[in-house]
There are 4 protein chains.
Amino acid sequence: MKLGMIGLGRMGANMAQRLVSGGHEVVGFDPRPEARKDLEGRGAESADSLARLVAKLPAPRTLWLMVPSGEITDATLASLRPLLAPGDTVIDGGNSNYRDTQRRAQTFDAEKIHYIDCGTSGGVWGLTGGYSLMIGGGEAPVERLRSIFETLAPAKDQGWGRVGPVGSGHFTKMIHNGIEYGLMQAYAEGFSILQHKSEFGLDLHQVAEIWRYGSVVRSWLLDLTAAALEKNPAMTGIAPFVSDSGEGRWTVAEAIELNVSAPVITLSLLERLRSRDADSFADKLLAAMRNQFGGHAIKST
Amino acid sequence: MKLGMIGLGRMGANMAQRLVSGGHEVVGFDPRPEARKDLEGRGAESADSLARLVAKLPAPRTLWLMVPSGEITDATLASLRPLLAPGDTVIDGGNSNYRDTQRRAQTFDAEKIHYIDCGTSGGVWGLTGGYSLMIGGGEAPVERLRSIFETLAPAKDQGWGRVGPVGSGHFTKMIHNGIEYGLMQAYAEGFSILQHKSEFGLDLHQVAEIWRYGSVVRSWLLDLTAAALEKNPAMTGIAPFVSDSGEGRWTVAEAIELNVSAPVITLSLLERLRSRDADSFADKLLAAMRNQFGGHAIKST
Amino acid sequence: MKLGMIGLGRMGANMAQRLVSGGHEVVGFDPRPEARKDLEGRGAESADSLARLVAKLPAPRTLWLMVPSGEITDATLASLRPLLAPGDTVIDGGNSNYRDTQRRAQTFDAEKIHYIDCGTSGGVWGLTGGYSLMIGGGEAPVERLRSIFETLAPAKDQGWGRVGPVGSGHFTKMIHNGIEYGLMQAYAEGFSILQHKSEFGLDLHQVAEIWRYGSVVRSWLLDLTAAALEKNPAMTGIAPFVSDSGEGRWTVAEAIELNVSAPVITLSLLERLRSRDADSFADKLLAAMRNQFGGHAIKST
Amino acid sequence: MKLGMIGLGRMGANMAQRLVSGGHEVVGFDPRPEARKDLEGRGAESADSLARLVAKLPAPRTLWLMVPSGEITDATLASLRPLLAPGDTVIDGGNSNYRDTQRRAQTFDAEKIHYIDCGTSGGVWGLTGGYSLMIGGGEAPVERLRSIFETLAPAKDQGWGRVGPVGSGHFTKMIHNGIEYGLMQAYAEGFSILQHKSEFGLDLHQVAEIWRYGSVVRSWLLDLTAAALEKNPAMTGIAPFVSDSGEGRWTVAEAIELNVSAPVITLSLLERLRSRDADSFADKLLAAMRNQFGGHAIKST
């Protein structure tokens, strides 16, 4: 199958390459010439505008977006829509908010263009190992793209599926990321406790390696944790500063809207916020309050 | 009534003074000469050893301990016990763990010495406003000391009471402190959100003052918070470092032992631990894990 | 001063009465005839339509809204706006979301009508004790209404204030309610631990009364808790089901948007959600997972 | 190597069988005749008393305990010690608290008997897949038993290791279980949110299967979750009641003692406590408090 890939960052370029390796044809577009050049080195064609990209695809066309969520996605879709025709299919493979996806799909639906959302997990490892794909959209257009999904996934019949109507793919990916926050925080806390137990002088990398085989907590994230601990067991030079890319926030908001208490996912997000607040006003106020009622000493800055 | 006060720190000296003002006689002991001298300036007698203190009291004797919890309490009690006689009463007014209190009471009980635990709240403000007293011990010895409690409390029949057998006073005080952690953290978080909402340029001291009258959140801790914010609205020079004195930990452990989920009290404690960990290993590991799977940049120290 | 009160529920009727007692004239509107009749019994006039209400007020008019937040507020404002003239003032005293307030204010601003938001705390006790008022809006219109605020507040110069531009009053009230959630949860957890410590047979009402005087945790919410425990010490007949009125959710969302970690306020909200989920899917899945890996028995329904 | 296995429950019997399959000789003891009989069916010998078990082993003897932690372990060790001689080795493979292990090791050390703690993970799946083994104790005795560990582990050089001195094995296993709580809770929350999103009609088993391949959250616990959801997608007949076996509590207590904030592991434990409190006193009190200040309706039981 021939597919247009829009957005040739780390994820888009890798996915294009995996598709080419799987026997598909890919034409890629990115405003950065070096990204287009890199793509050509991976065996795909490139186009230097959306119009030329669309022109290189046979009808019905298949366009896969792999751009940052938010305004860039909206802008790209706005440029793309007038170039397409009824029967074409657009897949948003990025981390869009599922409500944005539902809104965008209506616009395309009005022009009889299929709109599919594909939550994509796997990060930089997906190129060789395949991606986990959570797909939302109509049954027929998803079925038409079956060979694409089979190639991107880890195996033909593993790690991908249509989970429901449009929006459900991004919704499922959002929850996936919420769970990811919780898992990561659980490991981080556990290793932190081990690290603080100086009495035992534990080798954290060794412990991670032991746990990777046969234990209840074995997982891919543990494999990565072991790799990180092998490389830098004392986390030297790394600031205790944890970013978040938005999906954890959406998961927390969604849980509350659905009246679901999700304390672990929620606290995982809050700990990331906390990690970036080295000069907590709340903590300073607490110290001042203790001083007020008990005369307890305040530590000065 | 005549009473011996052991431990003339901020709390013990203030309580002795309040008793004297209320018409009681107090003999105080503290190993530090300057503390004894200070006490005399407050209208009480002093003694320079436990033996001399005991000798100055009429039988049955009443000894009030106001010393740091833990080993000092145990050491003081060990020195005191051989000096006492059946019918005497020892009151531990400090923040002892209630299980220690139960253990100590057995020792005194074996010698027919009454042992009373009195959880004491009020901090530096108790001298003028009176203390809240949560008392555990036998009914008869507590009744015999009624006039002492009536004087220390804010009013004759307010703010004090025998809540149950020995240990129950310290238990109740421990939970009081657990609640205190939760209240303080709730205010600290709320003011922190206000402080971060730069768009409105809120005057936090003004907000605290408004809330002090008529609002649902008015409280003594809010009064103190208002005072702290008046004095130092930006918390200038205060490190975001919050100590804990042990009772929050005990409350968390007790709740878990009783199978009670107490997330707010528990998180209030954890936030204090977190405030003292400016170089969180867990957060560094999280940053390293994100780098492993997504190639996300790590912030360097 | 003469003021129109729109919405004569518990809050609106009580506030009208407090204003009348303070020497103001009030004309009230509510679609329910019985609410208007009740108002007349409190010494105020009534009107049976918004138009007639507006007609009874001297220019520049002052209209106070005390209606449920959300669609009803929007609908009422839409009906009211065409009836007003430049220089009039509308005060929203309800629990509106501050962003709605900012949006509505723009509409009124376009017609030179002043728009003020007044976060109002005090509940059913405000009639006699006065309300805590957090006011957002222009300096001049707030100043013009000074006598109104002085009457509604607990005292002439206590418990009210203009905290900033329009929206800031509702914002401050929102955070007030978030703190309220945290305080309530802290007390509830503490009393629950006391209640589970059957060994001591504590009288929770007695403990609450002791804490009301001199303790660090004394507060108005503790006064209410003591009253609740006096009336029903074992909470007989009360379902463990805690509602929330929306402002806790907004506070949690706002904190996250501002990158402020507020674990205690957040967990207080989650516990309310949890209280309404007697058949937790998450807990059932946890039981099933334990059975899968350890063969641990599952409790059947 | 020939080894005595004490305790032939699910874990002990499976481990004996795995050792036999790996070419070792095992003599097993359990007070229950049917457990001994079952063991014989798995290719091992049995003994009907500790004395006879010890008698069947060549010096230096190797005794592996696989009995419930706590009093039974203490009682078994007390019976066993007089039967042993210097140079023998006792391994506690159960879930003992590491402080108990340190205390017990001192007793055996005094008699020149080696004492090893082996935290064992893998549950009912260890028989075929092998166990993850976290070992504490002296280097020489651990080395002497290398072939035992190599057989029990998933592979000769995977999933086992001496992590430090005696106690460190159980300590590491304790933290492993704390992490396990956090991971399980994160998945449970995520699937619960998916389940509550009725708009998408998601098939939770399908989602779990998709995530098992290529996703960031893939893990052994997810494999088990997928199996549980396949068998019973709606969790029909399962009570929302989650037990805990003690190690989560120990982890929480240890973290606090080490001043490590571990909110996710902690909340995972609290949620289990909460799951067993269908009639929360705290929630009833919250409902009563809301009624007090706002006149909000209480839901009756």
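Per chain, numbering begins at 1; letters A, B, ... match sequence-line order.
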*asked:* Between C/Gly167, C/Gly136, C/Ser261, who has the most heavy-atom pairs with chain B when the cutoff is under 4.5 Å?
replied: C/Gly167
_Please classify the contact between B/Arg274 and chain C as side chain, backbone, both or neither, with a heavy-atom cut-off of under 4.5 Å._
neither
*Examine whether an atom of C/Leu133 lies under 4.5 Å from a heavy atom of chain B, and if so say whether it belongs to the side chain, the backbone or both; otherwise answer neither.*
backbone
*Pick whichever of B/Val260, B/Asp203, B/Ile179 has the most heavy-atom pairs under 4.5 Å with chain C.*
B/Ile179
_Contact leader toward chain B among C/Leu194, C/Leu267, C/Thr120, where contacts are heavy-atom pairs under 4.5 Å_ = C/Leu194
*What's the spacing between B/Leu183 CG and C/Leu183 CG if we round to 0.5 Å?*
5.5 Å
*asked:* Using a 4.5 angstrom heavy-atom cutoff, name the option from C/Gly129, C/Ala155, C/Gly190, C/Gly122 with the most pairs to chain B.
replied: C/Gly190
_For chain C, which candidate among B/Glu254, B/Glu189, B/Glu199 shows the most heavy-atom pairs at distances under 4.5 Å?_
B/Glu189
*Is the number of heavy atoms from other residues, nucleotides or ligands within 6.0 Å of CH2 (B/Trp125) greater than 12?*
no
*Among C/Leu222, C/Leu224, C/Thr266, C/Ile265, which residue forms the greatest number of heavy-atom pairs with chain B at distances under 4.5 Å?*
C/Ile265
*asked:* Taking side chain as everything from C-beta outward and backbone as N, CA, C, O, which of these in B/Val264 sits under 4.5 Å from a heavy atom of chain C? Side chain, backbone, both or neither.
replied: both
*asked:* Among residues at least two apart in sequence or on other chains, which ones pass ring-ring contact (aromatic ring centres under 6.0 Å, His included) with B/Tyr187?
replied: none
*Under 4.5 Å, counting heavy-atom pairs only, tell me which of B/Gln185, B/Gln206, B/Met184 racks up the most with chain C.*
B/Gln206
*Find out whether C/Phe171 and B/Leu202 are in side-chain contact, i.e. whether some heavy atom of one side chain is under 4.5 Å from a heavy atom of the other.*
yes
*Are the side chain of C/Glu209 and the backbone of B/Gly159 linked by a donor-acceptor contact shorter than 3.5 Å?*
no
*Taking C-beta and beyond as the side chain, do B/Ser168 and C/Lys197 meet within less than 4.5 Å on heavy atoms?*
no
_Verdict with reasoning, C/Phe200 to B/Thr172, per side chain to side chain contact (heavy atoms under 4.5 Å, CB included)_ = CA-CA 10 Å; C/Phe200 287 138; B/Thr172 303; over 6 Å; no
*asked:* Applying a heavy-atom distance below 4.5 Å, give me the residues of residues 210-221 of chain C that approach chain B, sorted by number.
replied: C/Ile210, C/Trp211, C/Tyr213, C/Gly214, C/Ser215, C/Val216, C/Val217, C/Arg218, C/Ser219, C/Trp220, C/Leu221
*Output the option from C/Gly161, C/Gly201, C/Gly164, C/Gly182 having the highest count of non-hydrogen pairs under 4.5 Å with chain B.*
C/Gly161
*Any idea which of B/Glu257, B/Gln102, B/Gln195 has the most non-hydrogen atom pairs under 4.5 angstrom with chain C?*
B/Gln102
